[in-house]
Amino acid sequence: MTTTEEKNAVRVAGEPYLELPDDLYIPPEALEVFLEAFEGPLDLLLYLIQKQNLDILNIPMLKITQQYMTYIELMTQLKLELAAEYLLMAALLTEIKSRLLLPRAVKTEEGEEEDPRAELIRRLQEYAQMKQASEALDALPRLERDIFPAFVDTDNISVQKPEVQVTLLEIVLALQGVLKRAEQISHHVITKEPLSVRERMTDIMAKLLPLQSLRFETCFNQQEGRAGVVVTFLAILELSKAELIDIIQEAPFMPLSISPRENF
Amino acid sequence: MNEIDALKKTLEALLFASDTPLSVKQLQEIFPELERPAKSVIVAAIQQLNSDYANSALELQQVASGWRFQVKSEMSPWIARLFAKKPPKYSRAILETIAIIAYQQPVTRGNIEDIRGVTVSSHMINTLLEREWVKVLGHKEVPGRPALYGTTKVFLDYFNLSSLDDMPPLQELQNLVTEGELGV
């Protein structure tokens, strides 16, 4: 450590020290606030470079490292909790400085040895670019601050939901159609077969499941006559009531169809 | 009343009634199938409608998710006084993070940390996800499968942009430090 650094480190926390560069001196009580303004070590480094109009592409490592270390010392003396990233950067700066001081190693085959600062410069530039971009973003007009969408209150308008429910009347009308046709074809029935609604429900489900959808009319076997049609109709209503099927109509006056409920 | 005037009126009503921007496609689909105007007709009507508003306090603005009516920016100081509440201010940490995501997407949290030189807290990422400014686009196929983040339409809408191309251009790397005012 040089003597200047030692002096700064010792005396700064006590009284403002005259030999401190003007732009570096910050009253201790202000430092806490000040440090919160930095978004990390890269931001602090950028500030130091900017403050002194240094060339980012040709950073004087000794100068910048000394200044950076002074800030770190200040932060430590003020017992601020130092984020590990700041210490890591201090180590990196010291490393670069020492590599610059050391005699050059054997040159690589390409002839040029990479500047130890190159990686740091790349990171500083990349950060500076994104920092600038974030400032530009902040300056954009935005909702809640500069932009206020205009819209009217529509709460008092009652919204008419499209009719999706099948009315009972439509079911009855569909049934009448089927019955009418059944009457025209049906023959005189002599032997009475007991028709079970429950059995018919099973039949319909068995017919419906592989197909997933059936036209309402095709559920009926018109050969069974009026009684058969009624039993089938009751079975469909029962299935609908048990929420095993849905009775669907695509649009008003369109043919009805049935399909099994999703969760069945 | 001719057809285009009727269409303009309908669109005006729809855009005012909606509290979110409406795309041309959304507007088109509101019309019954048989009388659905072509998209080009809707666009033309929107443009006419917007010029009708030239002398008013309102304007039609196209943002990422569609068109919306908004108060002209020169009137916004008045609105700000009406609400008399400080608009939300975003921390530099949030702004830097969202800028990196916007300009370099898709990015992982690690990428953001590399550029900013500090840890990016989960809290910050969660805030951005909750605001729906960013979303997870996928996972990088490296050990740990970190999430890849990108910006959303909500983000663009918020900043009055219709696409990422409208973002302010990035400054050249060389000029950054000499030109930018980086004072604290």
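If you're wondering where the values come from, they're calculated on a predicted model, not measured in any experiment.
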Q) More than 12 foreign heavy atoms under 6.0 Å from NZ of Lys8(B): is that the case here? A) yes
**Q.** Contact winner vs chain A - Leu58(B), Ile115(B), Thr97(B), heavy-atom pairs under 4.5 Å
**A.** Ile115(B)
Q: Could you tell me which non-hydrogen atom of Pro88(B) sits nearest to which non-hydrogen atom of Arg142(A), and how far apart they are?
A: O-NH2, 3.4 Å
(Q) Quick check for you: among Asp157(B), Ile79(B), Asp114(B), Ile98(B), which has the greatest number of heavy-atom pairs under 4.5 Å with chain A? (A) Ile79(B)
Q: Please name the pair of heavy atoms, one in Asn160(B) and one in Pro141(A), separated by the smallest distance, quoted to 0.1 Å.
A: CB-O, 3.8 Å
(Q) Within this structure, what is the CZ-CG distance for the pair Phe159(B) and Asp146(A), rounded to the nearest 0.5 Å? (A) 10.0 Å
Q) Using a cut-off of under 4.5 Å for heavy-atom pairs, which of Leu42(A), Asp43(A), Leu137(A) has the most such pairs with chain B? A) Leu137(A)
Q.
Quick one: does any side-chain atom of Gln171(B) pair with a main-chain N or O of Gln129(A) as donor and acceptor, under 3.5 Å?
A. no
Q.
Between Glu59(B), Gln104(B), Gln61(B), who has the most heavy-atom pairs with chain A when the cutoff is under 4.5 Å?
A. Gln104(B)
(Q) Closer than 3.5 angstrom, by distance alone: can the side chain of Glu85(A) be matched with the main-chain N or O of Thr119(B) as a donor-acceptor pair? (A) yes
Q: Identify which of Ile100(B), Leu161(B), Ile94(B) forms the greatest number of heavy-atom pairs closer than 4.5 Å to chain A.
A: Ile100(B)
Q: Kindly give the heavy-atom pair with the smallest separation between Met130(A) and Tyr103(B), and that separation in Å.
A: CE-CB, 3.8 Å
(Q) More than 12 heavy atoms of other residues, nucleotides or ligands under 6.0 Å from CD of Glu250(A): yes or no? (A) no
Q. Measuring from Phe148(A):CZ to Gln70(B):CD, what's the distance to the nearest 0.5 Å?
A. 10.5 Å
Q: Could you check Arg92(B) against Lys131(A) for side-chain contact (heavy atoms from CB on, under 4.5 Å), going step by step and ending with a plain yes or no?
A: CA-CA 9 Å; Arg92(B) 279 184 51 203; Lys131(A) 183 178 164 177; 3.4 Å; yes
Q. What heavy-atom pair brings Gly117(B) and Arg123(A) nearest, and what distance separates the two atoms?
A. CA-NH2, 3.8 Å
(Q) On a heavy-atom basis, which atom in Tyr90(B) and which in Glu144(A) lie closest, and how many Å separate them? (A) OH-OE1, 3.8 Å
Q) If every non-hydrogen atom of Ser18(B) is compared with every non-hydrogen atom of Phe151(A), which pair is closest and at what distance? A) O-CB, 3.6 Å
Q. Can you tell which of Met167(B), Glu96(B), Met75(B) has the highest number of heavy-atom pairs within less than 4.5 Å of chain A?
A. Glu96(B)
Q. Using non-hydrogen atoms only, which part of Arg68(B) is less than 4.5 Å away from chain A: side chain, backbone, both, or neither?
A. side chain
Q. What is the distance from atom CZ of Arg145(A) to atom CZ of Phe83(B), rounded to the nearest 0.5 Å?
A. 15.5 Å
